[in-house]
Trainee: 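Could you have a look at this structure, given as structure tokens, before my questions?
Residue numbers start from 1 in every chain, and the chains themselves are labelled A, B, ... in the order their sequence lines are given, proteins ahead of strands.
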Amino acid sequence: MSVLDQLAQWISQAIETGFSVTVPPEEVQLDLPPDAALGDLAFGCFPLAKACRRAPQQIALELARRLEGHPGLVAVRADGPYLNLSLEKSAWFAEVLGGWLAAGPELALPAEQRRRYLVEFSCPNTNKPQHLGHVRNNFLGDALSRLLGAVGHEVTRVNLINDRGIHICKSMLAWQRWGEGRTPENTGRKGDHLVGDSYVEFASRLAAEEAAWRQDRGLAGPATEVEHAKFEAQSELLGAARLLLQAWEAGDEGVHALWRRMNDWVLAGYRETYTRQGIDFDRVFYESEIWKLGRSEVEEGLARGVFRREPGGAVVCPLEELGLEPKILLRSDGTAIYMTQDLGNAVMRHRQLGFDAMIYVVGSEQEHHFRVLFHILGKLGYDWAGRLTHFSYGMVNLPSGRMKSREGTVVDADDLLDELELACRRVLEESQKRSDLPDAQKDEIVCQLALAAVKYFVLKVNPRLDMLYDPEESIDLAGNTGPYLQYAHARIRSLVRKSGLEPDGQQSFELLVEPEEVELLKTLALWPREVRLAAAQLNPARVAQRTYELARCFSRFFNAHSVFDRVDDPRLAAQRIALVAAVGAALRRGLDLLGIPTPERI
RNA sequence: GCUCCCGUAGCUCAGUGGAUAGAGCGUCGGUCUCCGGAACCGAGUGCGUAGGUUCGAUUCCUACCGGGAGCACCA
């Protein structure tokens with residue numbers, strides 16, 4: 001039994017014998033006192049006050065009296081309503097460091113709490129390259145999958161690539177008309193960017209067409225909704241794009257050939273982007289393969305009276321119970337919409353892969369959509385509808401405001417990493433520290449630093465909230481940043497290498513008594529609990545915060561004490577090396593949960 | 001108009017209803033004959049407003065103010 005579990009059990013017993021109140025050990029909540037001088041761990045007696053019918057202060061006094069003298073407890077005191085406990089450190093060090101220096105502490109939940117998770121994330125459209133919004137999605141989906149896997153769940157990472165629809169037809173049309181036969185091969189341009197160029201071309205040509213259309217009609221000022229709708233109905237370009245979509249849906253061979261060719265360009269580009277970001281998937285689905293699936297679900301729902309047909313011919317799902325207007329599921333012309341496809345998609349997913357829970361990593365602007373989707377699935381009688389979760393994350397804004405593709409203010413994912421790598425390379429070369437490293441290794445370190453900078457920057461903020469992406473701040477390597485954490489790790493690895501020791505924790509630790517050492521011990525001891533909490537809250541940012549706190553705690557220790565230089569007692573050096581190596585292992589684990597690489601040298 | 005989310009330090013963000021609300025950046029001032037200074041320490045300023053629940057509220061509830069998003073036969 002671990003030191004913490006033992007302590008919880010003693011407290012549980014003391015409550016039982018002292019007040020005849022039952023609190024299971026796993027519900028004994030141990031916290032850190034605000035000041036280490038009070039003790040190592042604290043137990044707040046407030047929640048017991050009611051059941052014990054006693055003031056928290058009295059409960060603390062009584063518990064302190066009963067715990068006095070337990071082996072391994074060096075001090076027990078009641079400070080007001082708190083029970084503060086000081087532990088015998090040597091055995092605690094041995095347990096905690098031994099755990100980190102072996103396989104790492106047990107993070108997995110009890111078997112009965114483990115689940116099969118499907119995590120769907122990324123889900124890009126294949127008409128243009130990925131931008132900062134996708135980057136947040138990719139990082140969050142990846143980190144969430146890692147986190148759930150770390151606590152023992154079985155995780156399947158799923159990507160659904162939206163490779164069909166009107167948006168691709170716009171890129172296709174522009175490429176046909178103005179692409180001049182450009183290909184990734186004959187231009188050297190990355191495929192997704194090349195296709196994106198055509199999409200941009202389409203948008204600007206369409207804007208020009210609308211301007212001309214308005215001029216012909218003598219319309220001035222900003223377009224009203226009605227005018228805009230009228231233009232869209234009459235637009236030659238949009239009409240041509242729609243014709244392409246119809247031809248695609250009819251299976252036109254020429255259209256499919258072009259579509260396949262351009263999609264392949266994009267997908268090849270995406271593969272590079274994903275690799276560079278350290279993102280991968282267990283299953284990749286393509287919208288083009290499953291887009292028809294939803295229709296039969298809707299027809300069955302119609303037959304069973306869950307849905308109804310409107311006079312115009314459209315099929316809708318009534319939603320009075322949510323206080324909402326009926327949701328259209330099939331247009332009056334019989335074609336499917338987004339919701340229809342998502343219905344089919346969910347049903348297919350459940351049939352094909354099965355799951356205890358499925359998590360959709362999608363921006364907060366689609367909260368309404370998912371609420372309605374889950375509700376309709378429930379109405380269709382799928383009991384697993386209650387096991388679907390929309391992991392809703394906030395938007396990424398820039399110092400200049402919201403990203404707008406129309407105004408060209410989107411931050412491209414590849415450009416972003418290019419710039420970060422450039423900045424990291426500059427710093428690395430200016431520092432001249434690693435001039436001895438071969439170029440290939442320097443290149444790799446530069447990539448790892450850049451990735452750490454952007455990943456940590458994005459992952460350290462609460463996913464639910466909108467966030468500000470400040471390019472200036474993101475290339476900073478000091479302070480609460482990914483590179484700072486990598487650096488702390490690399491320093492530790494360097495120390496361990498230089499020590500010539502290979503600590504495994506199988507030793508005594510009676511010489512580690514400095515406050516900074518004890519702080520590290522406590523941080524390491526409580527780390528597994530924090531990870532489980534982060535997983536339960538679906539919050540990778542919590543892992544980022546805890547990992548940073550550990551690194552800062554280490555820096556404080558390292559600044560105050562020598563590890564082996566000027567340490568006369570070789571036993572103290574060996575004990576400190578073991579401590580430091582355990583911190584290194586924990587930093588690596590924390591960064592790994594965030595998908596951030598941990599180079600041995602920087 | 002209706003619904004949802006967010007207002008914590010100059011800026012960007014932490015903070016399971018409990019002890020003196022914390023970090024980073026920026027500003028100012030320090031440390032170290034430093035094993036990797038991308039470090040460490042100190043100073044300074046803060047819970048949008050008003051009520052309510054509670055022994056106790058930054059945290060829960062209500063209203064208001066401010067910001068954002070959503071409410072398509074778009075995705």
Side-chain angles (χ1 to χ4, degrees), chain A residues 29 31 33-35 38 42 44-47 49-50 55-56 79-82 84 123 125 162 165-167 287 310 312-316 322-325 327-342 363-369 371-372 392 394-395 397 399 402 427-428 431 433-434 449 457 460-462 464-470 472-473 476-481 483-488 490-496 498-499 533 536-537 541-542 544-546 548-549 551-552 554-567 573 576-577 580 601-602:
Chain A
Q29 180 71 50
D31 300 309
D35 182 348
L38 293 168
C45 299
F46 305 98
K50 207 168 202 176
D79 292 293
Y82 288 92
N84 286 320
C123 306
N125 289 349
N162 194 349
I166 191 71
H167 47 280
E287 192 79 35
E310 297 279 83
V315 176
V316 303
L322 295 183
L324 297 171
E325 292 295 300
K327 176 67 195 173
I328 302 268
L329 296 176
L330 287 176
R331 297 186 183 101
S332 31
D333 66 3
T335 56
I337 64 169
Y338 183 43
M339 184 64 78
T340 324
Q341 293 177 32
D342 267 3
S364 59
E365 70 275 9
Q366 294 198 37
E367 275 171 13
H368 178 76
H369 170 79
R371 181 165 170 247
V372 171
S392 166
M395 297 190 317
N397 294 315
R402 193 175 172 180
V427 173
L428 199 66
S431 78
K433 268 189 220 144
R434 299 285 92 165
L449 281 169
F457 192 90
K460 77 175 170 182
V461 318
N462 185 333
R464 252 173 350 104
L465 306 181
D466 288 353
M467 64 168 285
L468 185 86
Y469 184 83
D470 185 344
E472 290 292 317
E473 204 184 321
D476 206 339
L477 308 184
N480 187 357
T481 67
Y484 166 81
L485 297 173
Q486 286 180 316
Y487 190 76
R491 276 158 98 198
I492 286 173
R493 297 305 306 158
S494 166
L495 272 176
V496 175
K498 282 189 183 166
S499 76
L533 196 56
Q537 296 176 340
R542 197 169 185 111
Q545 284 147 21
R546 298 308 167 205
Y548 172 67
E549 278 164 19
R552 216 161 51 93
F554 165 74
S555 288
R556 258 196 304 263
F557 157 77
F558 191 61
N559 204 260
H561 305 287
S562 284
V563 174
F564 54 78
D565 260 17
R566 293 176 305 159
V567 173
R576 282 191 174 157
I577 283 291
V580 160
R601 304 162 198 270
I602 291 178

Trainee: For A/L324 and A/Q29, find the nucleotide of RNA chain B closest to each by heavy atoms; which residue's nucleotide sits nearer the 5' end?
Mentor: A/Q29

Trainee: Using the C1' atoms only, state how far B/rC47 lies from B/rC4, rounded to an integer number of Å.
Mentor: 23 Å

Trainee: May I ask you to test the A/D466-A/R402 pair for a side-chain heavy-atom distance under 4.5 Å?
Mentor: no

Trainee: Would you kindly give the NZ-to-P distance between A/K460 and B/rC13, to the nearest whole Å?
Mentor: 9 Å

Trainee: So if I take every side-chain heavy atom of A/R464 and compare against B/rC5, B/rC40, B/rA19, which nucleotide ends up nearest?
Mentor: B/rC5

Trainee: Identify which nucleotide among B/rU16, B/rC73, B/rA38 has an atom closest to any side-chain atom of A/R331, counting heavy atoms from C-beta outward.
Mentor: B/rC73

Trainee: Given the P atoms of B/rU45 and B/rU53, what is the spacing between them in whole Å?
Mentor: 33 Å

Trainee: Taking atom P in both B/rU31 and B/rU59, what distance in whole Å separates the two?
Mentor: 42 Å

Trainee: Rounded to whole angstroms, how far apart are CD1 on A/I337 and P on B/rA75?
Mentor: 6 Å

Trainee: What is the separation between atom NE2 on A/H369 and atom C1' on B/rC71, rounded to the nearest whole Å?
Mentor: 14 Å

Trainee: Rounded off to whole Å, could you give me the CD-to-C1' distance for the A/E365 and B/rG68 pair?
Mentor: 12 Å

Trainee: On a whole-Å scale, what distance lies between the P atoms belonging to B/rC6 and B/rC60?
Mentor: 9 Å

Trainee: Between A/S494 and A/L468, which residue's closest nucleotide on RNA chain B lies nearer the 5′ terminus?
Mentor: A/L468

Trainee: Can you confirm whether more than 12 heavy atoms, excluding those of A/Q537, are under 6.0 Å from its CD atom?
Mentor: yes

Trainee: How long is the line joining CZ of A/R552 and C1' of B/rC13, in whole Å?
Mentor: 14 Å

Trainee: Ignoring backbone atoms, test whether A/R371 places a side-chain nitrogen or oxygen under 4.0 Å from the OP1 or OP2 oxygen of B/rC4.
Mentor: no

Trainee: A/R556 side chain N/O closer than 4.0 Å to the phosphate oxygens (OP1, OP2) of B/rC41?
Mentor: yes

Trainee: Is any side-chain nitrogen or oxygen of A/R402 closer than 4.0 Å to OP1 or OP2 of B/rA69?
Mentor: yes

Trainee: Measure CD/A/E473 against P/B/rG26 and give the value in whole Å, please.
Mentor: 9 Å

Trainee: Distance check needed: B/rU16 C1' versus A/F46 CZ, whole Å only.
Mentor: 15 Å

Trainee: Determine the Euclidean distance between corresponding P atoms of B/rC2 and B/rU62; express it in Å to zero decimal places.
Mentor: 16 Å

Trainee: Among B/rA14, B/rC71, B/rC34, which nucleotide sits nearest the side chain of A/L465?
Mentor: B/rA14

Trainee: With a centroid cutoff of 5.5 Å and a plane-angle limit of 30°, would you call A/F457 stacked on B/rU12?
Mentor: no

Trainee: So do the side chains of A/L495 and A/F558 get within less than 4.5 Å of each other, counting heavy atoms only?
Mentor: yes

Trainee: Between B/rC35 and B/rA23, how far is it from one C1' atom to the other, in whole Å?
Mentor: 27 Å

Trainee: Reading 5' to 3' and counting Watson-Crick or G-U wobble pairs with both distances under 3.5 Å, write the dot-bracket notation for RNA chain B, | for bases paired outside the strand.
Mentor: (((((((..((((....[...)))).((((((....).)))))....(((((..]....))))))))))))....

Trainee: About how many Å separate CZ of A/R464 and OG of A/S364, when rounded to the nearest 0.5 Å?
Mentor: 10.5 Å

Trainee: Could you give the distance separating B/rG67 and B/rG51 at their P atoms, to the nearest angstrom?
Mentor: 24 Å

Trainee: When the P atoms of B/rU58 and B/rU20 are considered, how many whole Å apart are they?
Mentor: 12 Å

Trainee: Between A/R546 and A/E549, is the closest basic N to carboxylate O distance under 4.0 Å?
Mentor: yes

Trainee: Nearest to the A/R542 side chain among B/rG68, B/rU16, B/rA72, which nucleotide is it?
Mentor: B/rU16

Trainee: On the nucleotide B/rA75, are OP1 or OP2 found under 4.0 Å from the side-chain N or O atoms that A/Y338 carries?
Mentor: no

Trainee: Heavy atoms from C-beta onward define the side chain here; which of B/rA38, B/rG70, B/rC4 lies closest to that of A/E367?
Mentor: B/rC4

Trainee: To the nearest angstrom, how far is A/Y548 atom OH from B/rG22 atom C1'?
Mentor: 11 Å

Trainee: With sequence neighbours excluded, tell me which residues meet side chain to side chain donor-acceptor pair (under 3.5 Å) with A/R331.
Mentor: A/T335

